[in-house]
Amino acid sequence: MIAKLAYLADGDTLAFILRGIDPTAEAMPVYREMAAATTGILSHENCIIAESGDRIVGMANAFPARLIESEIAGLVLTEREELLRPRVELNEPTSYLLNSIAVLPGYRRLGVGAALLAAVIEDGTRQLFPSVTVHVWADNTEAVAFYFHAGFKEVRRASISWHPDLSRTGGSLLMMLPIGVEAEIR
């Protein structure tokens with residue numbers, strides 16, 4: 001279910017990358033493998049789960065943002081990954097990064113997403129990070145509004161070149177919420 005929710009959150013982006021490697025590749029098996037792993041940024045170890053009864057209805061994937069740099073260090077990026085590099089370069093390595101958040105459609109607008117976000121903020125605060133950041137596609141107006149409502153501000157924007165296989169347009173935003181000492185100074 002974690003893989004399904006990760007796919008729901010941003011499966012189009014992973015599918016875009018995979019199709020550049022193998023046109024027949026599917027994102028869901030890759031998400032399953034990453035979520036099942038005990039290490040890596042998409043590991044279940046970096047996920048907070050929301051349940052209703054015995055059913056997982058939401059998931060947030062968050063970790064220290066500096067892990068992105070260590071994950072891609074030394075890798076030779078594909079052409080499609082290079083196209084998305086400006087999005088990765090928005091990263092604020094001192095922050096706690098909310099990589100993805102997703103709630104099953106039938107459980108949206110019930111506070112599940114807000115509770116997951118609150119848990120991520122609490123986790124980042126407990127680990128003494130100065131801020132929580134999130135990368136949001138600029139055309140994802142619902143997500144942008146959700147984060148603005150929670151107090152996040154846009155701090156940087158990356159232009160992403162148009163590609164016929166990429167479903168997103170308008171580039172990527174880095175949104176930030178100061179927490180801990182940084183929030184107290186505000």
To the closest 0.5 Å, what do you measure between CD (E92) and CG (L174)? 7.5 Å

Reported CG-to-CE distance for the pair L8 and M1, which is rounded to 0.5 angstrom: 10.0 Å

Fit a plane to each ring of F129 and Y96, take the angle between them on a 0 to 90° scale, and name the class: parallel (under 30°), tilted (30 to 60°) or perpendicular (over 60°). tilted

If we ignore angles and hydrogens, is there a donor and acceptor under 3.5 Å between the side chains of Q127 and T125? no

Please step through side-chain contact (heavy atoms from CB on, under 4.5 Å) for the pair M59 and K4, ending with a clear verdict. CA-CA 10 Å; M59 176 276 305; K4 180 178 179 179; over 6 Å; no

Can you tell me if R156 uses its side chain to pair, donor with acceptor, with the backbone of L90 under 3.5 Å? yes

Side-chain donor or acceptor of S95 paired with backbone N/O of S131 under 3.5 Å: no

Taking every heavy atom of A138 against every heavy atom of V144, the minimum-distance pair comes out as O-CG2, 4.4 Å

Check whether T78 reaches the backbone of E81 with its side chain - one donor and one acceptor, N or O, closer than 3.5 Å. yes

Flag yes if more than 12 heavy atoms outside E89 fall under 6.0 Å of its CD atom; otherwise flag no. yes

Distance (rounded to the nearest 0.5 Å) between T141 OG1 and F148 CZ: 11.5 Å

N46 versus G40, closest heavy-atom pair with distance: ND2-O, 3.0 Å

Between I21 and R80, does the side-chain contact (heavy atoms from CB on, under 4.5 Å) criterion hold? Intermediate values first, please. CA-CA 9 Å; I21 299 165; R80 290 179 181 216; over 6 Å; no

Check: V103 main-chain N/O paired with R108 side-chain donor or acceptor under 3.5 Å: yes

Single hit among I49, L5, V112 for side chain to side chain contact (heavy atoms under 4.5 Å, CB included) with V57: V112

same_hphob_cluster(I41, Y7) at 4.5 Å side-chain heavy-atom cutoff: yes

Determine, step by step, whether R109 and E142 satisfy the salt bridge (Lys or Arg N to Asp or Glu O under 4.0 Å) criterion, reporting the C-alpha distance in whole Å, the side-chain angles of both residues, the deciding distance to 0.1 Å, and the verdict. CA-CA 12 Å; R109 305 231 182 266; E142 189 174 331; 3.6 Å; yes

Are the side chain of N91 and the backbone of A65 linked by a donor-acceptor contact shorter than 3.5 Å? yes

Is there a path of hydrophobic side-chain contacts, each under 4.5 Å between heavy atoms of I, L, V, M, F, W or Y residues, that connects V155 with I160? no

Quick check against the 3.5 Å criterion: does D12 have a side-chain atom that pairs as donor or acceptor with the backbone of S167? no

Verify side-chain contact (heavy atoms from CB on, under 4.5 Å) between K153 and M175, making sure each step is shown before the conclusion. CA-CA 5 Å; K153 304 287 185 230; M175 300 184 75; over 6 Å; no

Residue pair L77, R85: steps toward the side-chain contact (heavy atoms from CB on, under 4.5 Å) verdict: CA-CA 9 Å; L77 301 180; R85 181 189 285 276; 3.1 Å; yes

Between P93 and E69, is there a side-chain heavy-atom distance shorter than 4.5 Å? yes

As an exercise, state the distance from CG of L83 to CG of L166, rounded to the nearest 0.5 Å. 6.5 Å

What's the shortest heavy-atom distance between A150 and L117, and which atoms? CB-CD2, 3.5 Å

Residues R87, E82: salt bridge by 4.0 Å N-O rule: no

Main chain of A35, side chain of H44: is a donor-acceptor contact present, judged purely on distance under 3.5 Å? yes

Inter-residue atom distance M176.CE - T133.OG1, 0.5 Å rounding: 6.0 Å

Have T13 and D10 got a donor and an acceptor in their side chains that come within less than 3.5 Å? yes

Using the rule that Ile, Leu, Val, Met, Phe, Trp and Tyr join whenever any side-chain heavy atoms are under 4.5 Å apart, tell me whether L173 and L177 fall into a single cluster. yes

Using the rule that Ile, Leu, Val, Met, Phe, Trp and Tyr join whenever any side-chain heavy atoms are under 4.5 Å apart, tell me whether Y31 and F16 fall into a single cluster. no

Closest heavy-atom pair, G106 versus L110, reported as atoms and distance to 0.1 Å, is O-CD1, 3.9 Å

Taking all non-hydrogen atoms of both residues, which atom of A62 and which atom of V120 are closest, and how far apart? CB-CG1, 3.8 Å

Just checking E51: does its CD atom have more than 12 heavy atoms from other residues, nucleotides or ligands closer to it than 6.0 angstrom? yes

Linking I/L/V/M/F/W/Y whenever any side-chain heavy atoms sit under 4.5 Å apart, do L97 and W137 land together? no

